[in-house]
Structures are given as structure tokens and as C-alpha cells.
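The structure appears below as C-alpha cells.
Count residues from 1 along the sequence.
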Amino acid sequence: MKIDILAVGRIKEAFMREGVSEYSKRLSRYCTLTIREAADEKTPENPSDREKELILEKEGARLAGFIAEDAYVIALAINGKMRSSEELAQHIEKLAVSGRGHLQFVIGGSLGLHESILQRADERLSFSQMTFPHQLMRVILLEQIYRSFRISRGEPYHK
């Protein structure tokens with residue numbers, strides 16, 4: 001299986017980079033993982049609605065350039081479907097069995113994702129109704145993908 005994480009912005013904090021690195025290494029025995037970063041736009045203090053839209057549009061265009069024609073695209077969005085870890089594992093396994101061996105998870109920047117990316121997505125996934133920093137979301141997503149593979153293979157994993 002091939003999994004891509006498409007994300008806006010670079011991870012600046014060392015501890016988060018270490019988390020991404022650790023889960024990337026763990027995932028290497030289950031899938032081919034690629035992480036692609038789209039440059040983020042500088043967001044002014046108290047941006048207007050128009051400024052927000054322009055930022056989302058620019059970041060969305062960059063992300064769109066990474067989206068593969070054959071990929072099953074899962075956009076992380078607060079209004080997406082929530083799944084338990086077991087449900088996510090079953091869903092990923094079902095996608096793989098049905099010939100969807102290329103998954104792309106898309107993480108937006110601080111303002112979220114542009115509507116064009118949300119429309120292109122095959123589904124929207126939410127981890128919570130809470131807001132998380134987009135850099136931290138990358139670590140959380142990788143951990144849950146790793147957990148999904150462990151669950152699907154009946155391997156032990158801390159609950």
C-alpha cells in the first residue's frame with residue numbers, strides 16, 4: 001500500500017519532527033509512506049474574510065499539485081466523519097482490498113483546507129471537534145495509521 005501525507009507548512013518544533021520520523025520509520029514495514037509539504041502563506045493578525053479566502057486558495061492550489069489522479073483522497077476536516085481506531089483500521093483495509101492501494105491524507109494549514117480540496121476529496125475525516133495545531137495533527141495521523149496496520153494484522157498495540 002502507498003500512503004501519502006500532503007500537508008501545508010513545515011514542522012518547526014524538533015519534538016514534532018522526531019514524532020513524524022519515529023512513526024514514518026515504524027510504518028515502513030507496512031506501507032510506502034511519502035510526506036509532501038506545501039508552503040504555507042503568512043497569515044496577518046486578524047485577517048479579513050477575503051484575505052482568508054486568498055490564503056486558502058493559494059495553499060489549496062499547492063496541495064492540488066500533489067494530488068494523484070489514482071489516489072483515494074481523505075481530507076482531514078473538523079466536519080468530517082469520526083471513526084474509532086478500529087473503524088479506521090477496517091476502513092483502510094477495505095480500501096486496500098477493493099483496489100484502492102494509494103491513499104492520500106490531506107492536512108490543511110492554520111485556516112483549514114480550501115473548498116476545492118474538500119470537493120476533490122473522496123471523504124472527510126475528523127479526529128475530534130477540537131482544534132489541533134496542523135503540525136501536531138501530522139503526528140497524530142501517522143500514529144493512527146500505524147495503529148490501523150497493527151490492528152488489521154492482529155498485532156498487539158497499547159490501548
Side-chain angles (χ1 to χ4, degrees), residues 1-41 43 56 59-60 62-68 70-114 117-159:
M1 174 169 269
K2 181 177 179 176
I3 296 180
D4 300 334
I5 308 297
L6 312 179
V8 171
R10 292 183 137 354
I11 295 182
K12 296 167 184 73
E13 294 85 0
F15 73 95
M16 284 196 213
R17 284 195 309 272
E18 289 170 16
V20 168
S21 177
E22 178 62 28
Y23 283 109
S24 297
K25 184 172 50 173
R26 290 182 187 193
L27 278 165
S28 67
R29 58 187 286 227
Y30 300 106
C31 67
T32 301
L33 177 69
T34 304
I35 299 174
R36 312 246 353 234
E37 296 175 330
D40 56 347
E41 288 292 309
T43 303
L56 286 170
E59 292 174 348
R62 291 182 192 124
L63 286 170
F66 296 148
I67 295 177
D70 69 332
Y72 186 87
V73 178
I74 301 171
L76 273 60
I78 202 162
N79 64 350
K81 180 175 180 157
M82 287 193 210
R83 297 179 186 271
S84 69
S85 295
E86 291 81 5
E87 290 169 339
L88 182 62
Q90 291 170 350
H91 184 54
I92 289 173
E93 189 173 3
K94 183 179 171 187
L95 287 169
V97 169
S98 69
R100 296 294 203 146
H102 185 190
L103 304 183
Q104 289 187 311
F105 291 87
V106 187
I107 303 171
S110 60
L111 297 176
L113 289 167
H114 189 260
I117 300 297
L118 295 170
Q119 292 299 318
R120 165 54 183 93
D122 295 292
E123 70 176 86
R124 297 175 191 187
L125 177 65
S126 175
F127 279 73
S128 172
Q129 295 214 325
M130 291 186 273
T131 302
F132 296 104
H134 57 282
Q135 295 95 347
L136 179 59
M137 200 60 234
R138 218 178 296 185
V139 178
I140 294 170
L141 173 61
L142 287 168
E143 188 279 334
Q144 284 298 302
I145 294 170
Y146 174 69
R147 185 181 293 265
S148 292
F149 281 112
R150 301 282 296 189
I151 290 169
S152 292
R153 285 166 176 72
E155 298 171 357
Y157 197 84
H158 184 271
K159 292 184 182 194

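Shown here are the side-chain hydrogen bond (donor to acceptor under 3.5 Å, both in side chains) partners of Asp40, two or more places apart in sequence or in another chain: there are none. For the side-chain hydrogen bond (donor to acceptor under 3.5 Å, both in side chains) test, residues two or more places apart in sequence or in another chain that qualify with Arg150 are Tyr30, Glu155. For Arg100, there are no side-chain hydrogen bond (donor to acceptor under 3.5 Å, both in side chains) partners at least two apart in sequence or on another chain.
Exactly one of Gln144, Lys81, Arg83 qualifies for a side chain to side chain contact (heavy atoms under 4.5 Å, CB included) with Leu125. That residue is Arg83. Leu113 pairs with exactly one of Leu76, Ile107, Val106 by the side chain to side chain contact (heavy atoms under 4.5 Å, CB included) rule, that one being Val106.
Inter-residue side-chain proximity for Leu141 and Tyr23 is flagged as unmet; no heavy-atom pair is nearer than 4.5 Å. A 4.5 Å side-chain heavy-atom check between Phe132 and Val139 finds every atom pair outside the cut-off. Under the 4.5 Å side-chain criterion, counting only non-hydrogen atoms from C-beta, Phe149 is in contact with Met1. Using a 4.5 Å cut-off on side-chain heavy atoms (C-beta onward), Met82 and Phe127 make no contact. Between Ile5 and Thr34, every side-chain heavy-atom pair lies at or beyond the 4.5 Å cut-off.
At least one donor-acceptor pair closer than 3.5 Å links the side chain of Arg17 to the backbone N or O of Lys12. A donor-acceptor pair is defined here as one N or O able to donate and one able to accept, closer than 3.5 Å; such a pair exists between the side chain of Glu87 and the backbone of Ser84. At least one donor-acceptor pair closer than 3.5 Å links the side chain of Arg62 to the backbone N or O of Ala39. Checking side-chain atoms of Ser24 against main-chain N and O of Val20 turns up a donor-acceptor pair under 3.5 Å.
Closest heavy-atom contact between Ala68 and His102: CB-CE1, 3.6 Å. Val8 and Arg138 get closest at one heavy-atom pair: O-NH2, 4.0 Å. Shortest non-hydrogen contact noted between Ala71 and Gln104 is CB-OE1, 3.3 Å. Across His114 and Leu56, no two heavy atoms sit closer than the pair CB-O, 3.2 Å. Shortest non-hydrogen contact noted between Ser128 and Ile78 is O-CG1, 3.6 Å. Closest approach of Arg120 to Val73, counting heavy atoms only: NH1-CG2, 3.4 Å.
To the nearest 0.5 Å, atom CZ of residue Arg10 and atom CD of residue Gln135 are 12.0 Å apart. Between the SG atom of Cys31 and the CD1 atom of Ile145 there is a distance of 7.0 Å, given to the nearest 0.5 Å. Rounded to the nearest 0.5 Å, atoms CD (Glu37) and CG (Leu6) are 11.0 Å apart. Here OH of Tyr146 is found 11.0 Å from CD1 of Ile151. Values are rounded to the nearest 0.5 Å. Distance check: Leu103 CG to Glu123 CD gives 9.0 Å after rounding to the nearest 0.5 Å. In this structure, the separation between CG on Leu136 and CZ on Phe15 is 7.0 Å, given to the nearest 0.5 Å.
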- Decide side-chain contact (heavy atoms from CB on, under 4.5 Å) for Asn79 and Arg124; before the verdict, give the C-alpha distance in whole Å, the side-chain angles of both, and the deciding distance to 0.1 Å. CA-CA 7 Å; Asn79 64 350; Arg124 297 175 191 187; 3.6 Å; yes
- Query: Asp4 and Phe66: side-chain contact (heavy atoms from CB on, under 4.5 Å), yes or no, with the steps?
  - Reply: CA-CA 9 Å; Asp4 300 334; Phe66 296 148; over 6 Å; no
